[in-house]
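Everything numeric here is computed off the predicted structure, so don't read it as measured data. One-based numbering along the sequence shown.
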Amino acid sequence: MASQINQSSLAEDSTDQILNLFRLMCRIRHVENSLLKLFSQGKLSGTTHTCIGQEAIAVALSASLEPQDIVFSSHRCHGHFLARGGPLTELFAEIMGRKSAICLGRGGSQHLHYGNFYSNGVQGGVVGNATGMALAEKLSCSRCVTAAFLGDGTLGEGLVYESFNFASMMSLPILYILEDNQYAQSTPSFMTVSGSIVGRAAAFGIEAEEIQTNDALEIIPLMQRCVKQVRQQRPMLLVVHTYRLSPHSKGDDTRDPREVERWWKQDPLLLMRSKLPAELADQIEHEAMEEVAEAIRRADEAPFPVAADSGPLCTIPKSEHPVPWAQDNSTYVQSINAAMLDALGSDPNCFVIGEDILDPYGGAFKATRGCSTNFPLRTITTPISEAGIVAWSTGAAMRGKRPVAEIMFGDFLTLAADQILNHASKYRWMYGEGVSVPLVIRTPMGGRRGYGPTHSQSIEAMFAGVPGLNIVAPSHLLDPGELLRRCITLGNDPVLFIENKLLYGQRLLVAKEGRIGRFFVSGTNSCFPTLRLSLSDFDVPDVALIAYGGSVPFAMEAAERLLIEEECLCDLVIPSLIAPLPIDELSAFLGGVRRVSVFEEGVKRAGWGAEVVASLAEREAPQGRRYLRIGAPASPLPSSKQLEKELLPDADHLIRVLATWAGRDH
């Protein structure tokens, strides 16, 4: 295992210091050269991004940090990984896709996790996650510094500036290290970066330093000063102007060879070698080559993983749980609010984050009312930064916090889609189960309030296919607050918690002696239960209607009227977990029903109902079972209340469609 540089050994410009630096730089260089060679031999797949020419920055940072400090790197991460003590053999095994690898062969070259080191290949996203880690450390009063690497090409990502703004406002202990290697893949920086790089940080009140050198001994004093200041709870930006001597990835180099050749004269290894006797430098390089060759040999002997090694993508608790029936007629939003206050009161690692959530406003729909009054340090208001809110929450969750992030309108989840898809839902699996991401993202969905095309949509189906993400959508038939508590306290994966806007003011329906109103009701004992409602004590109905969340009140009204007006018996099946589908529970409740309909407020085309029908159709079912999907047309929702009413299916629409459909077989 490569050892980290001991900070105490760098007190003076000594021979031992130079030896340590040169030894580590040689190890990094020979790893990167070996990876390029292995690719050229066809022994590796995918891609890799080497840091040849930038090794001085990696070793300078490691010389400036304490062991408990955090480093978050990007796609060009091998040097940073090795400088922080990452093991050689396991690194090669990871890039070779072997079972013995640090991330079980799942992450590959760009996605590494070891101790307090993390990396991800998505530009900009890691800046947000690292900022969230710094937030977690500040909340824990740990004195840890977080260092986040980015390149000049990353300056085009909006999340970088959302994070600069937030880090400055919150006085977070984070050092942003920008490796300006003058190219964003193949495009020169002068074609992508305008103005001053340090000026961008200054605009957010972040102090910035810059240096142009490939000499680690020149970088270290400045790096140490930056780290010392950041440890005093102030963010900083350090820009190191350098040059990438190798291609962007394997061999895609279109730069002028004469330009590259000029920069080879400033090779950081060459600069460090000049400070040592030639014979000693040769010996160190030879030892590094042998060490790397042995690591490759051992990694190549390791077996490949098989599909069974992939593990579960979601960790929904499998133990039995009591059905969380509503205990009183409080409103839906009151139940949510009580759960938030309870979570904050019972777990010091829980915090709430979002826009306009402070008292006296208490959130757009009043779900966070009282949180800031009772827990001011853990109720964090943010700018309008949906991508940032989810990114910071993701990073904090990876460091042991249990954030509850509020996105004011579900429509705005699209602004955070990259964080949900490529970060929060990926990390636990991608890092070989090495981290957990217990993040809850609360957001209201749905129309019928006249908010118009961009504030009324039901887009949860867009996220239903994301592996590693759970989606919970409570109705008013259960205690939504208890389901929220389970999401916050029991999970290790991100949860999208969907709250329908129309339900906020509705009273919860209390089950008494196995009934809710006229309906007989039963539920599963899973963490997020599925309910079955019947008007005839669970006789086989003419139609079974599957619905969730805000569609349930319309389904209940339609079922009662269908029986009275059409003599059509309609059972309801109500899942609270809508992704991944609780298909066993749905199938068990449907039994021998021959007509199954799925009702959703979202757009029917390519919607949630399509997945439900397809999943049920793939299972054994009564011969001749028929399916019907009911949902909104493929149209934006208007602000006009009357036109919106015509577009969104309601109880009247359900009765017309289901009565006609069921009547065809009579």
Side-chain angles (χ1 to χ4, degrees), residues 446-448 458 461 475 477 500 502 517-521 530-575 578 581 586-587 589-619 621-638 640-666:
R448 308 183 199 272
S458 297
S475 71
L477 304 182
N500 187 275
L502 208 63
R518 294 191 178 96
F519 290 90
F520 295 90
V521 61
T530 299
L531 304 182
R532 179 185 176 187
L533 278 65
S534 170
L535 290 166
S536 65
D537 203 7
F538 305 111
D539 292 332
V540 177
D542 299 306
V543 177
L545 180 62
I546 303 173
Y548 69 88
S551 297
V552 173
F554 300 102
M556 294 176 70
E557 179 186 347
E560 293 190 73
R561 289 174 55 191
L562 278 168
L563 183 60
I564 296 169
E565 300 171 13
E566 305 290 341
E567 296 185 356
C568 176
L569 182 59
C570 177
D571 274 12
L572 305 179
V573 179
I574 314 295
I578 64 172
L581 279 178
L586 296 178
S587 183
F589 274 152
L590 292 173
V593 178
R594 298 177 63 84
R595 284 184 292 272
V596 177
S597 179
V598 186
F599 170 40
E600 61 187 310
E601 187 176 316
V603 173
K604 182 177 80 170
R605 186 178 69 190
W608 178 77
E611 176 63 20
V612 174
V613 169
S615 298
L616 289 171
E618 291 171 349
R619 301 171 72 89
Q623 186 175 3
R625 174 184 279 178
R626 296 169 56 201
Y627 297 95
L628 177 69
R629 293 179 296 138
I630 301 173
S635 169
L637 292 176
S640 167
K641 199 70 181 293
Q642 183 58 37
L643 186 53
E644 182 187 44
K645 186 178 187 305
E646 292 182 19
L647 286 177
L648 291 178
D650 56 12
D652 290 336
H653 180 89
L654 289 173
I655 292 166
R656 287 195 304 271
V657 172
L658 293 177
T660 301
W661 185 51
R664 291 174 184 168
D665 291 344
H666 289 315

Q: Might you point out which heavy atoms bring Ile578 and Trp608 nearest each other, and give the distance in Å?
A: O-NE1, 3.0 Å

Q: Please round to the nearest 0.5 Å and tell me the distance separating atom CZ of Arg518 and atom CD1 of Ile564.
A: 5.5 Å

Q. Ignoring hydrogens and geometry, is there a side-chain-to-backbone donor-acceptor pair from Arg629 to Lys604 under 3.5 Å?
A. yes

**Q.** Minimum heavy-atom distance Ala555-Ala547, with the two atoms named
**A.** CB-CB, 4.2 Å

Q: Look at the side chain of Arg625 and the backbone N and O of Val593, then say whether any donor-acceptor pair between them is shorter than 3.5 Å.
A: yes

Q) For Asp650, which of Leu648, Leu654, Asp652 qualifies under side chain to side chain contact (heavy atoms under 4.5 Å, CB included)? A) Asp652

Q. At their closest point, which heavy atom of Pro638 faces which heavy atom of Leu647, and how far apart are they?
A. CD-CD1, 3.5 Å

(Q) Tell me the closest heavy-atom pair linking Val598 and Gly609, and the distance in Å. (A) CG1-CA, 3.5 Å

Q | Atom pair CG/CH2 of Asp542 and Trp661 - distance to nearest 0.5 Å | A | 10.5 Å

Q. Can you name the closest pair of heavy atoms from Leu531 and Phe589 and give their distance?
A. C-CE1, 3.8 Å

Q. Taking the side chain from Ser534 and the backbone from Asp571, do they hold a donor-acceptor pair closer than 3.5 Å?
A. no

Q: Please round to the nearest 0.5 Å and tell me the distance separating atom CD of Glu601 and atom CG of Leu502.
A: 7.5 Å

Q | side chain to side chain contact (heavy atoms under 4.5 Å, CB included) partner of Leu545, chosen from Leu533, Leu562, Leu658, Val552 | A | Leu658

Q. How long is the span from the OG1 atom in Thr660 to the CD1 atom in Ile655, to the nearest 0.5 Å?
A. 11.0 Å

(Q) Can you give me the closest heavy-atom contact between Leu569 and Ser536, atom names plus distance? (A) CD2-OG, 3.1 Å

Q. What is the distance from atom CZ of Phe520 to atom CG of Asp537, rounded to the nearest 0.5 Å?
A. 4.0 Å

Q: For residues Cys568 and Val543, determine if any side-chain heavy atom of one lies less than 4.5 Å from a side-chain heavy atom of the other.
A: yes

Q.
Taking the side chain as everything from C-beta on, heavy atoms only, tell me whether Val596 gets closer than 4.5 Å to Leu590.
A. yes

Q) So, do Phe519 and Leu535 sit near enough that their side-chain heavy atoms are less than 4.5 Å apart? A) yes

Q | Approximate separation, where rounding is to 0.5 Å, of Ser475 OG and Met556 CE | A | 8.5 Å

Q: Determine whether more than 12 heavy atoms belonging to other residues, nucleotides or ligands lie under 6.0 Å from atom CZ of Arg619.
A: yes

